[in-house]
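Read through the structure below, which is laid out as structure tokens, and then see the notes.
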Amino acid sequence: MAQDGILPFSDAAVADTDDGAHQAVTETTVSGEIMRIVFESDDGQYVVLRLLTSSNRELTLVGPMHGMLEGQDIEARGRWETHSRHGRQFRVTQYRALLPSSEKGIRRYLASGLIPGIGPKLADRIVERFGTDALNVLDHYPKRLTDIPGLGKKRVDMINKAWKEHSRQRDTYIFLQGLGLGPSYCAKIFNAYGAGAAETVRRNPYQLATDIHGIGFTMADRIARELGINPESPVRLAAGIVYALQKLAEDGHACYPRTKLTAYPAELLQVDAAAAKIGLQQAIIDGRVVEEAASPALPEQFVYSFRLHAAEASLAQSIQRLLACPVRADTADIRLSGQEYELLNAKQKHAVRGAFQSWISIITGGPGVGKTTVTGRIVNTARRLGRRVFLAAPTGRAAKRMTESCGTAAKTIHRMLKWDPRKRSFVYGADRPVPCDVLILDEVSMLDIELASQLFAAIKTGTHVVLVGDRDQLPSVGPGAVLNDLIACGRIPVTHLTEIYRQAEGSRIVRNAHAINRGDFPDLRTPPRDITADFYWIEQEEAEQVEQIIARLVTKRIPQRFRFNPMTDIQVLAPMNRGSCGTLALNSLLQQRLNPGPAPEFRVGERILRINDRIMQTVNNYDKGVFNGELGQIIHVDAKRKTFKVMFDEGTVDYDWNEADQVRLAYAVTVHKAQGSEFPVVILPVLTRHFVMLQRNLIYTGMTRARRLLIMIGTRKALAIAVRNDKPAFRYTGLAARLSRDRDTL
């Protein structure tokens with residue numbers, strides 16, 4: 001028998017224990033009236049409130065319950081726990097708001113300021129007149145409000161209009177919260193669909209994954225289960241195919257063979273292969289995925305998401321267009337002269353000539369082989385020929401490095417293309433190409449298929465395009481393998497620089513990076529104490545000890561011995577986000593040591609962000625002009641306006657607190673996220689617990705991010721595993737085949 005508003009559930013929830021094992025935890029529901037909001041974090045993801053049950057028992061509820069009001073009734077599902085300081089409390093996992101039922105609750109509810117025109121005094125008068133029937137009067141008989149002395153028709157009409165608008169939103173919120181959605185998602189859905197939100201969600205909850213930022217297939221699928229949608233419904237199966245392709249794109253695949261595709265979504269959706277095939281066919285009919293027919297160039301049938309198919313086809317067309325133009329006679333036999341060219345080796349001279357003898361050329365090579373020097377010579381040659389030169393790179397730091405080395409302003413690709421927030425598109429594109437004669441792009445290994453498609457569409461025919469990058473580094477974070485595909489297609493001249501410059505020969509960073517890239521074990525010997533070297537190895541197996549060593553290195557040892565600024569010069573790179581020595585744990589530790597406060601700060605779920613914190617942007621925000629992977633520092637926090645300001649290399653950007661999910665702490669970042677950037681100092685842990693990420697190109701990429709000092713911490717065993725693992729994850733793409741000589745049409 002249910003008592004005190006506590007209703008037992010017959011099923012059991014699964015909770016994670018500290019050691020990663022699972023134990024069954026019975027969930028219950030509690031219900032009652034909210035007496036007091038004790039605490040609410042800035043983003044509403046952590047709320048503490050006092051609840052009064054129907055039998056006058058007071059309970060403490062904690063969890064994500066943003067938007068709750070004193071006086072409101074609530075039904076919450078969760079589990080009991082005992083806090084070391086605050087005692088027994090109820091941890092909420094799901095909840096739904098209910099209209100208050102008592103006079104006291106209705107009075108608090110109406111007095112909360114939720115309805116424009118109703119304040120505490122008028123709330124008292126409404127409840128005194130209508131009692132517990134007050135909300136029913138507002139819903140169905142608003143004209144009866146004129147029975148209250150002092151309320152005229154004009155004010156009653158205003159209250160009635162506000163109440164109706166609130167009621168539509170309230171009913172939608174109650175429906176959505178009943179599906180387990182939090183207030184922030186309710187607000188996004190209501191803003192997107194308006195009064196028809198409930199009907200839209202009932203009809204096709206999977207549409208949420210397309211339209212609402214932050215809602216993916218997994219959440220939409222849970223909502224669909226709450227609505228009773230059949231697991232083998234075509235709408236679910238088709239959405240599952242799209243989801244499977246999204247997951248594959250996260251692994252770098254631009255497409256996937258049809259013969260292999262049904263097995264993966266069948267596993268994700270927990271259906272049989274026949275059902276997955278139905279979903280694939282439905283997704284093709286809906287136009288959400290595209291099937292590329294087999295051909296001499298593409299011997300298999302490949303399936304693409306609509307977006308990636310359009311991007312790859314457009315990129316191939318743009319490159320074919322550039323390659324089809326005859327090379328100008330005045331540069332076909334360009335001659336190099338002068339002392340700056342005599343210092344170049346034969347391959348470097350070939351790279352400079354090749355930049356003008358073909359419309360597209362590629363220069364690749366490892367650290368210290370003179371890619372930057374060659375880029376500078378190409379810039380000088382272009383100027384001598386009277387050509388207009390643009391320099392660009394995928395990240396702000398890479399662009400800044402190009403500017404410093406070439407003496408010519410470089411921009412990020414996004415900023416070069418110029419985003420127009422009103423038109424929601426780039427200013428430069430197929431109809432308005434970038435106004436240059438020579439375009440040099442650095443760190444091309446970072447270029448994914450979608451950004452490459454937008455970039456090449458904006459390059460006018462007759463522009464010399466020089467692509468510079470290290471093909472042995474990690475591929476782009478986004479889908480595709482653009483640099484490797486352009487090399488593999490056989491249509492574009494490639495210069496692979498291998499000779500290490502004399503200035504770099506003394507660098508142990510350079511020598512060891514090349515050794516690892518060849519598959520050789522690096523030289524880990526400790527240099528003599530009287531020599532200031534640029535590479536150090538620290539042997540340590542215990543992850544917890546590695547974390548503490550990193551903290552001491554960042555805060556004391558490196559600043560004291562080498563005079564580097566820990567807040568601006570030292571970057572910790574980790575192979576993974578989670579676990580010991582992952583970026584999450586390291587960021588928490590380093591924030592405590594480097595920026596502990598007290599300082600203006602605010603909470604984002606379990607995270608704390610405060611002024612002076614180092615952060616990284618994690619998504620492209622075209623409206624703000626800041627892009628995935630850009631590093632910055634919080635320089636202002638405004639608690640009253642609930643805003644914060646971040647200084648990036650390209651300038652300052654303002655955020656609301658509810659946009660804080662776009663950034664994360666960046667005292668430590670993954671090696672993938674550090675692509676395209678160089679740092680004065682890099683600390684790189686290499687442990688066997690990172691086994692799934694221990695690949696040669698990952699360690700090589702991490703090492704080559706260090707400009708002046710590299711410290712690696714871990715075990716020789718883990719490093720040996722990485723050196724031997726020269727099989728980076730294969731990526732399915734069709735770009736090389738589309739560009740091959742055998743393919744006549746796209």
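In what follows, residues are counted from 1 in the order of the sequence shown.
- Here the side chain of H496 pairs no donor or acceptor atom with the backbone of K347 at under 3.5 angstrom.
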Practice item. Go through the steps to decide whether D638 and K640 satisfy the test salt bridge (charged side-chain N to carboxylate O under 4.0 Å, His left out), and finish with yes or no. Key: CA-CA 6 Å; D638 190 327; K640 289 184 178 179; over 6 Å; no

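- Partner of I459 under the side chain to side chain contact (heavy atoms under 4.5 Å, CB included) criterion, chosen from I360, L322, V434: L322.
- Around atom CZ of R383, more than 12 heavy atoms belonging to other residues, nucleotides or ligands sit under 6.0 Å away.
- To the nearest 0.5 Å, atom CE of residue M567 and atom CG of residue L590 are 10.0 Å apart.
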Exercise for review: Could you go through the salt bridge (charged side-chain N to carboxylate O under 4.0 Å, His left out) check for D623 and R424 one step at a time?
Suggested key: CA-CA 8 Å; D623 294 336; R424 311 293 301 167; 2.4 Å; yes

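- Around CZ of R708, the count of heavy atoms belonging to other residues, nucleotides or ligands within 6.0 Å does not exceed 12.
- In K247, the NZ atom is not crowded: 12 or fewer heavy atoms of neighbouring residues, nucleotides or ligands sit closer than 6.0 Å.
- Using cut-offs of 30° and 60° for the angle between ring planes, the F426 and Y622 rings count as perpendicular.
- R377 CZ: more than 12 foreign heavy atoms inside a 6.0 Å radius.
- For the pairing with D613, the side chain to side chain donor-acceptor pair (under 3.5 Å) check across Q633, R664, Q591 returns one residue only, Q591.
- Around NZ of K460, the count of heavy atoms belonging to other residues, nucleotides or ligands within 6.0 Å exceeds 12.
- Within 6.0 Å of CZ in F306 there are 12 or fewer heavy atoms belonging to other residues, nucleotides or ligands.
- Taking the six-membered ring where the residue is Trp, the centroids of H253 and F730 are separated by 6.0 Å or more.
- Ring pair W359/H464: centre-to-centre distance below 6.0 Å.
- Judged by distance alone, the side chain of T403 and the main-chain N or O of A410 form a donor-acceptor pair under 3.5 Å.
- The salt bridge (Lys or Arg N to Asp or Glu O under 4.0 Å) test with D654 is passed by exactly one of R641, K645, K624: K645.
- The salt bridge (Lys or Arg N to Asp or Glu O under 4.0 Å) test with E630 singles out one residue from R614, K400, R415, K673, and that residue is R415.
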